[in-house]
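Computed from a predicted model, the values in this text were never measured in an experiment.
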Amino acid sequence: MAPRRKKIYEGKAKILYEGTEPGTLIQYFKDDATAFNAQKKAVIEGKGVLNNRLSEFFMQGLTNIGVPNHFIRRINMREQLIRQVEIIPLEVIVRNFAAGSIAKRLGLDEGTPLPRPIVEYSYKNDELGDPMVSEEYIIAFGWASQQDMDDIVSLALRVNDFLSGVFYGVGIKLVDFKIEIGRIWDGDFMRLIVADEISPDSCRLWDVKTEQKLDKDVFRRDLGSLTDAYTEVARRLGVMPAAPTPKPTLIN
């Protein structure tokens with residue numbers, strides 16, 4: 001990384017640097033993997049490259065269907081130029097099937113289809129372990145207004161429709177995912193856009209037929225190679241070019 005760059009923020013999986021243009025940031029994807037609120041850590045070679053390319057793919061897809069987001073362009077294998085936003089301090093979680101915490105809370109078998117997509121929220125605070133919060137809390141504490149919440153739910157469900165279709169088309173079930181939402185201003189007019197990233201770090205992805213896990217649960221639950229899982233997702237989506245097939249040698 002160029003030493004003259006000003007670091008704005010460093011999270012568990014990404015670093016944000018001052019952007020090359022006003023109102024922009026450079027988002028750098030690290031190879032670090034964390035789970036259980038960073039109690040489990042590892043460096044997974046190549047993860048940052050895969051997540052950069054996958055997040056670019058999904059954000060461009062959202063742009064194409066009119067869902068506003070922070071992505072501007074990919075700079076290189078690990079970095080992308082993004083709009084600077086004011087992040088709302090929430091993780092917005094959309095669930096299509098029971099897995100993880102909702103399965104434990106409600107005593108559901110993992111993989112149980114939910115009656116409809118369920119949107120829930122956690123307060124972004126690592127020290128508190130990102131606790132779940134209700135819409136009532138969010139409005140009462142001023143993290144977002146009622147109008148914001150209506151817009152957030154609408155954005156989250158549009159992202160869910162898009163991602164579910166894209167993944168199902170390549171034989172992957174979108175179990176759940178989380179996104180973050182940011183505010184941007186155009187003069188006095190404020191609007192909400194999808195921010196952060198969309199990658200196997202932030203989704204639960206299962207093979208439709210075998211239910212093999214193709215997401216960060218591979219790391220959380222020691223189910224094999226995380227790089228192999230993410231590479232398989234990228235391969236199916238056509239995001240990363242396949243290794244060239246060696247040409248047969250002709251012998252006269």
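Within the model, atoms CD1 of I8 and NZ of K6 stand 5.0 Å from one another, a figure rounded to the nearest 0.5 Å. Atoms CD1 and CG, on I152 and L90 in that order, are 6.0 Å from each other to the nearest 0.5 Å. Distance check: L50 CG to L226 CG gives 9.0 Å after rounding to the nearest 0.5 Å. Between atom NZ of residue K14 and atom CZ of residue R78 there is a gap of 13.5 Å, rounded to the nearest 0.5 Å. Between T227 atom OG1 and E232 atom CD the span is 13.0 Å, to the nearest 0.5 Å. In this structure, the separation between SG on C203 and CG on D217 is 11.5 Å, given to the nearest 0.5 Å.
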Point to revise | Worked check of salt bridge (Lys or Arg N to Asp or Glu O under 4.0 Å) between K47 and D31 | key: CA-CA 5 Å; K47 180 174 88 79; D31 281 343; over 6 Å; no
Point to revise | Worked check of side chain to side chain contact (heavy atoms under 4.5 Å, CB included) between Y168 and L174 | key: CA-CA 8 Å; Y168 194 75; L174 178 62; over 6 Å; no
Point to revise | Steps toward side chain to side chain contact (heavy atoms under 4.5 Å, CB included) verdict (K213, R221) | key: CA-CA 10 Å; K213 292 174 174 54; R221 304 181 185 187; 3.5 Å; yes
Check your understanding: Does the pair D148 and S145 meet the rule for a side-chain hydrogen bond (donor to acceptor under 3.5 Å, both in side chains), with working shown?
Key -> CA-CA 5 Å; D148 290 340; S145 68; 3.2 Å; yes
**Study point:** Derivation of the salt bridge (Lys or Arg N to Asp or Glu O under 4.0 Å) call for D222 and K40
**Key:** CA-CA 11 Å; D222 297 314; K40 182 176 183 177; 2.7 Å; yes
Review point. For R183 and I88, what are the C-alpha separation, side-chain angles and deciding distance, and is it a side chain to side chain contact (heavy atoms under 4.5 Å, CB included)?
Key: CA-CA 7 Å; R183 296 184 178 96; I88 293 173; 3.6 Å; yes
Point to revise | Working for salt bridge (Lys or Arg N to Asp or Glu O under 4.0 Å), residues E56 and R73 | key: CA-CA 8 Å; E56 172 195 17; R73 67 176 180 271; over 6 Å; no
**Study point:** Check against side chain to side chain contact (heavy atoms under 4.5 Å, CB included), V94 and I118
**Key:** CA-CA 6 Å; V94 182; I118 292 175; over 6 Å; no
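For the residue pair D151 and Q147, a side-chain donor N or O sits within less than 3.5 Å of a side-chain acceptor on the partner. Using modelled atom types and a 3.5 Å distance limit, the side chains of N160 and N96 yield a donor-acceptor pair. The closest side-chain donor-acceptor pair between D109 and T112, if any, does not fall under 3.5 angstrom. Side-chain contact of E135 with Q146: a donor-acceptor pair under 3.5 Å is present, judged by distance alone. In summary, the side chains of R95 and S101 do present a donor paired with an acceptor at a separation below 3.5 Å, with no hydrogens or angles considered. Side-chain atoms of E136 and S134 include no donor-acceptor pair closer than 3.5 Å. Looking only at atom types and distance, the side chain of N52 has a donor-acceptor partner in the side chain of Q80 under 3.5 Å away. S202 and D196 share no donor-acceptor pair across their side chains, judged by distance under 3.5 Å alone. With no hydrogens or angles considered, no side-chain donor-acceptor pair links T24 and Q84 at under 3.5 Å.
Looking at heavy atoms from C-beta onward, M190 lies out of side-chain contact with I184 at the 4.5 angstrom threshold. At least one side-chain heavy atom of V159 sits under 4.5 Å from a side-chain heavy atom of F177. Using a 4.5 Å cut-off on side-chain heavy atoms (C-beta onward), F71 and Q27 make no contact. Put simply, the side chain of L128 reaches to within 4.5 Å of the side chain of Y123, judged on heavy atoms. Residues S225 and V218 form no side-chain contact, since every pair of their non-hydrogen atoms from C-beta on lies 4.5 Å or further apart. Put simply, the side chain of V133 reaches to within 4.5 Å of the side chain of I138, judged on heavy atoms. M132 is listed as a side-chain neighbour of E120, based on a closest heavy-atom distance under 4.5 Å.
When hydrophobic clusters are built by joining Ile, Leu, Val, Met, Phe, Trp and Tyr residues whose side-chain heavy atoms come closer than 4.5 Å, directly or via intermediates, V119 is grouped together with I181. Residues V49 and L16 do not share a hydrophobic cluster, clusters being chains of Ile/Leu/Val/Met/Phe/Trp/Tyr side chains in contact below 4.5 Å. A single hydrophobic cluster is not seen to contain both I15 and F29; linkage of ILVMFWY side chains at heavy-atom distances under 4.5 Å, directly or through other members, places them apart. By the rule that hydrophobic residues join a cluster once side-chain heavy atoms approach within less than 4.5 Å of another member, V175 and V92 end up as members of separate clusters. By the criterion of side-chain heavy atoms lying less than 4.5 angstrom apart, applied directly or through intervening Ile, Leu, Val, Met, Phe, Trp or Tyr residues, I102 is not grouped with L205; the two fall into different hydrophobic clusters.
A salt bridge is absent between K7 and E18; no separation between the charged side-chain nitrogens and carboxylate oxygens falls under 4.0 Å. Remark: R5 engages E79 in a salt bridge, criterion side-chain N to carboxylate O under 4.0 Å. Ion pairing of E180 with K124 is present here, as a side-chain N (NZ or NE/NH1/NH2) and a carboxylate O approach within less than 4.0 Å.
Checked against K12 for a side-chain hydrogen bond (donor to acceptor under 3.5 Å, both in side chains), the options D32, D126, D201, T34 give a single hit: D126.
The aromatic rings of F58 and F167 sit tilted, their planes meeting at an angle between 30° and 60°.
The 12-atom threshold is not exceeded at CD of E45, counting heavy atoms of other residues, nucleotides or ligands nearer than 6.0 Å. Residue-environment remark: CZ (R105) exceeds the threshold of 12 foreign heavy atoms within 6.0 Å. Crowding of K104 atom NZ: a count of heavy atoms from other residues, nucleotides or ligands under 6.0 Å not exceeding 12.
For A229 against L214, the heavy-atom pair with the smallest separation is CB-CA, 3.9 Å. When all heavy atoms of W206 and A98 are compared, the pair lying nearest together is CH2-O, 4.5 Å. Across all their heavy atoms, F97 and G111 have their closest contact at CD2-O, 3.6 Å. Of all the heavy atoms in A144 and M149, the pair that sits closest is CB-SD, 3.8 Å. Minimum heavy-atom separation, P68 to L192: CG-O, 3.8 Å. Closest approach of I82 to I72, counting heavy atoms only: C-CD1, 3.7 Å.
Checked by atom type and distance alone, the side chain of R236 pairs as donor or acceptor with a backbone atom of V170 at under 3.5 Å. Between the side chain of R53 and the main chain of A234, no donor-acceptor pair closer than 3.5 Å is present. The backbone N or O of G100 sits less than 3.5 Å from a side-chain atom of E110, completing a donor-acceptor pair. Judged purely by atom type and a 3.5 angstrom limit, S199 has no side-chain atom pairing as donor or acceptor with the backbone of S55. In this structure, the side chain of N69 engages the main chain of V67 through a donor-acceptor pair within 3.5 Å. In this structure, the side chain of N125 does not engage the main chain of D130 through any donor-acceptor pair within 3.5 Å.
Hydrophobic cluster of F189: no remaining members, since no ILVMFWY side chain lies below 4.5 Å from it.
Taking the centre of each ring, Y137 and W143 stay at or above the 6.0 Å mark.
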